[in-house]
Chemist: 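Here it is, the structure in full.
First listed ligand is number 1; within each ligand, the first listed atom is number 1.
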Amino acid sequence: MTESSSDNLSNLLHETRTFPPSGEFAAQANVTEADFAQAEQDRLGFWDTQARRLKWRTPWTETLEWAPPFAKWFVGGTLNVAENCLDRHVEAGLGDRVAINWVGEPEDDTRTITYAQLLDEVKRAANALTSLGVQAGDRVAIYLPMLPETVVAMLACARLGAAHSVIFGGFSAQAIHDRVTDADARVVITSDGGYRRGAPSGLKVNVDEAIAKGGTAIEHVVVVKRTNQDVEWDDTRDVWWHDIVGGASNEHQAQAFDAEQPLYILYTSGTTGKPKGILHTSGGYLTQVSYTHWAAFDLKAETDVYWCAADVGWVTGHSYIVYGPLSNASTIVMYEGTPDTPHRGRWWEIVQEYGVTILYAAPTAIRTFMKWGEDIPNGYDLSSLRVLGSVGEPINPEAWIWYRRVIGADRTPVVDTWWQTETGAIMISPMPGVAAAKPGSALRTIPGISAEVVDNDGTPVGNGEGGLLVLTEPWPAMLRGIWGDPDRYQETYWSRFQEQGYYFAGDGAKKDEDGDLWLLGRVDDVMNISGHRISTTEVESALVSHPLVAEAAVVGASDPTTGQGIVAFVILRGENVEGADTVAALRNHVAKEIGPIAKPRQIMIVQELPKTRSGKIMRRLLRDVAENREMGDVTTLTDDSVMNLIAAKMPTAASED
Ligand code: PRX
């Protein structure tokens, strides 16, 4: 366990408040205690029942085929994911229900899209992609801001049985290049640009740069017009979305695909410099996202207005903006911009205006709102809210309490949902109508899921003890592998507790005296910055690719708002003079190599890095240094001051070897 997670642990030991749902809420809740008992008795039977939420073209013959660590769920079943999210709702008479309330960043730039309209657009887009040669089994890259077209593009791929690979709009040309080459995508869907804090920024320009690097298989670039900014144009390759989709037929018959047809690849950081392409398939994934969206948020699709404030470029956006909510025929809000544009009350203005009933957000956002002060949300009518969710990183009790009190009027349940890109869907979360929630605890596994906290040998720890979180049984939305790298899949997740057959999540956790779970953050070299996973090695590789840098070590230091902040210790080559310019150049270099989210908060230029006798960098020491010093945004320290601090701590650290 890392230093910061044991600090978290001791803080959490003092948290004893509980918040049961009101009698009124419990009485109308979708999930009851009985569901847990039923799932416990017959886990596969439980998931069998949940899979019947979906429309299957061919029924499955076997619920689970498990050849560890490779799973197939709903074997022999066929379905079409897009049909499940659209056609069947329209057929059921829900065509006029609003699917997406889209809110652009510029004020008064909104769109309201019904299920019938969304289906129409997806059919056109599917025909357009077919005309570009996209077929079932292909990969399509999507590099777009938070637009309705992003959802349309994803569903059009799903409709065709082509896997999408959504690349977060904040990633750089290099990151796009790495992802489209790894996935061997032939088509990229992007936009001219997007709005960020009031200013248009370019997106196509990054795709152009990625393709110019060479080595990709990209044949077509489809471009959504969003900002109207000037773009370079290559007639042989580029085509406007409004031409090709606008001009396509809205007749399209969805074909049925195997339950294990790849649905998407989503890249996430691991402990090496190379991101992992996490593969998700269709039937099991859709079953679990659909069930969990209904269960964890107590969804009432006819009346709820549901807003997940994540970006669609991350797994939360895939599962809880697109596939979960739309498979449940719910009405969503989708917001393009940042919470402070054009003012710091923007989110609350949206909640008020659309009557949002369920809000799903990251602790980082909540802590930012806390910092801005409760007067801002207090200025809006938030009384429509009835369930609040949190995801992406540990939520500290203070933020949890603030969220419930200020945003939820001390009335709404708060569900702290633990899951990962790899798990595809929520795994550990209070059920809002059942649980007496504890601020900062994700409580227990949802029905049909089993987890354990174990010591290094894989032995379950007792109540009141901490250890490593493992998942002990396969689950429907589990990743089916790492794209193109079955060995890495086995090694990363299944080798640590091979004997027991446990999935190793990479997170520390604690069981409290009641056996409830408290998630404590990563135990590997993966950082969590504002709920985004970035590996220390990835940032180190970006730094050493700069000609000035000889060596670099990166740590995630705890940060009151973003959870962790990136701090880099850098040794320069030869006689290079350190200084603010060098630091600025290096920060920009990382932003260029990976994306602005990976820009180090601080860079310290040092002469040496503390290493063990075997040459391993002692990150714990560096983290101590990074966390204990008061520093500005960007600081260069001379070697002495850093090394003195490090030296002072040397005796205790020697045992790390
Ligand atoms: O460390 C855990 C943390 O986020 C990691 C997964 O990151 P990612 O794949 O990007 O998915 C984020 C959205 C699901 C986990 O290994 N994490 C996620 N949710 C929580 C959490 N840590 C504590 N509490 C949570 N609720």
Side-chain angles (χ1 to χ4, degrees), residues 1-2 4-5 8-9 12 166 168 170 265-271 275-278 280 288-289 292-293 296 308-321 323-324 360-367 388-397 399-400 403 414-430 437-446 451 453 466 468-471 477-479 482 492-493 503-510 516-535 538 556 558 562-564 597-598:
M1 195 175 303
T2 63
S4 49
S5 53
N8 285 345
L9 198 146
L12 293 174
V166 177
F168 173 58
I265 301 169
L266 185 60
Y267 287 84
T268 188
S269 294
T271 50
K276 303 174 286 197
I278 303 301
H280 283 292
Q288 196 180 334
V289 295
T292 50
H293 177 250
C308 167
D311 193 284
V312 78
W314 309 106
V315 75
T316 308
H318 284 59
S319 300
Y320 297 106
I321 293 177
Y323 292 111
Y360 194 27
T364 298
I366 299 160
R367 289 190 294 262
L388 300 176
S390 167
V391 62
E393 44 176 326
I395 181 164
N396 47 312
W400 193 103
Y403 196 26
V414 173
V415 290
D416 173 14
T417 63
W418 179 91
W419 58 293
Q420 310 177 298
T421 305
E422 292 86 342
T423 70
I426 294 170
M427 304 291 281
I428 305 175
S429 168
K438 300 176 178 177
S441 168
L443 238 50
R444 58 171 161 162
T445 47
I446 63 162
V453 181
L468 303 170
L469 181 74
V470 294
L471 301 170
M478 68 190 282
L479 76 165
I482 294 176
T492 309
Y493 305 107
Y503 168 92
F504 174 52
D507 276 359
K510 181 201 157 221
D516 289 329
L517 299 171
W518 299 71
L519 279 309
L520 302 173
R522 305 288 309 185
V523 293
D524 53 15
D525 290 335
V526 174
M527 300 175 285
N528 191 329
I529 317 296
S530 302
H532 302 149
R533 262 162 81 169
I534 300 169
S535 85
E538 234 174 318
S558 63
T562 60
Q564 288 188 308
I597 48 163

Chemist: I want to confirm something. Looking only at heavy atoms, which of H318, E393, E422, R533 is nearest to atom 8 (P) of ligand 1?
Modeler: R533
Chemist: Side chains of T292 and Y320: do they bring a donor and an acceptor to under 3.5 Å?
Modeler: yes
Chemist: Which atoms form the tightest heavy-atom contact between F504 and T492, and what is the distance?
Modeler: CD2-O, 4.3 Å
Chemist: Distance check, rounded to the nearest 0.5 Å: I446 atom CD1 versus W418 atom CH2?
Modeler: 11.0 Å
Chemist: Check N528 against ligand 1 and report side chain, backbone, both or neither, counting heavy atoms closer than 4.0 Å.
Modeler: side chain
Chemist: Give me the residue, atom name and distance of the protein heavy atom closest to atom 23 (C) of ligand 1.
Modeler: P394 N, 3.1 Å
Chemist: What about T268: any of its N or O atoms under 3.5 Å from an N or O on ligand 1?
Modeler: no
Chemist: Side chain or backbone, does R522 bring an N or O within less than 3.5 Å of an N or O on ligand 1?
Modeler: yes
Chemist: Could you tell me whether a side-chain N or O of S535 sits under 3.5 Å from a main-chain N or O of G270, the two making a donor and an acceptor?
Modeler: yes
Chemist: For V391, take its heavy atoms, then give the atoms of ligand 1 lying under 4.0 Å from any of them.
Modeler: 13 (C), 14 (C)
Chemist: Among protein heavy atoms, which lies nearest atom 9 (O) of ligand 1, and at what distance?
Modeler: T421 OG1, 2.5 Å
Chemist: Report the distance from atom NE2 of H318 to atom NE2 of H280, rounding to the nearest 0.5 Å.
Modeler: 9.0 Å
Chemist: How long is the straight-line distance from CZ of R444 back to CD1 of I428, given to the nearest 0.5 Å?
Modeler: 12.0 Å
Chemist: Quick one: pull up CG in L469 and CE in M427 and give me the separation to the nearest 0.5 Å.
Modeler: 9.0 Å
Chemist: What atoms of ligand 1 come within less than 4.0 Å of a heavy atom belonging to L519?
Modeler: 23 (C), 24 (N)
Chemist: Would the distance check show the side chain of Q564 and the main-chain N or O of N528 forming a donor-acceptor pair, the cut-off being under 3.5 Å?
Modeler: yes
Chemist: Tell me, which protein residue and heavy-atom name are nearest atom 1 (O) of ligand 1, and how many Å apart are they?
Modeler: D507 OD1, 2.8 Å
Chemist: Compute the minimum heavy-atom distance from G392 to ligand 1 and say whether it is under 4.0 Å.
Modeler: yes
Chemist: Considering both backbone and side-chain atoms of T316, is one of its nitrogen or oxygen atoms within less than 3.5 Å of a nitrogen or oxygen in ligand 1?
Modeler: no
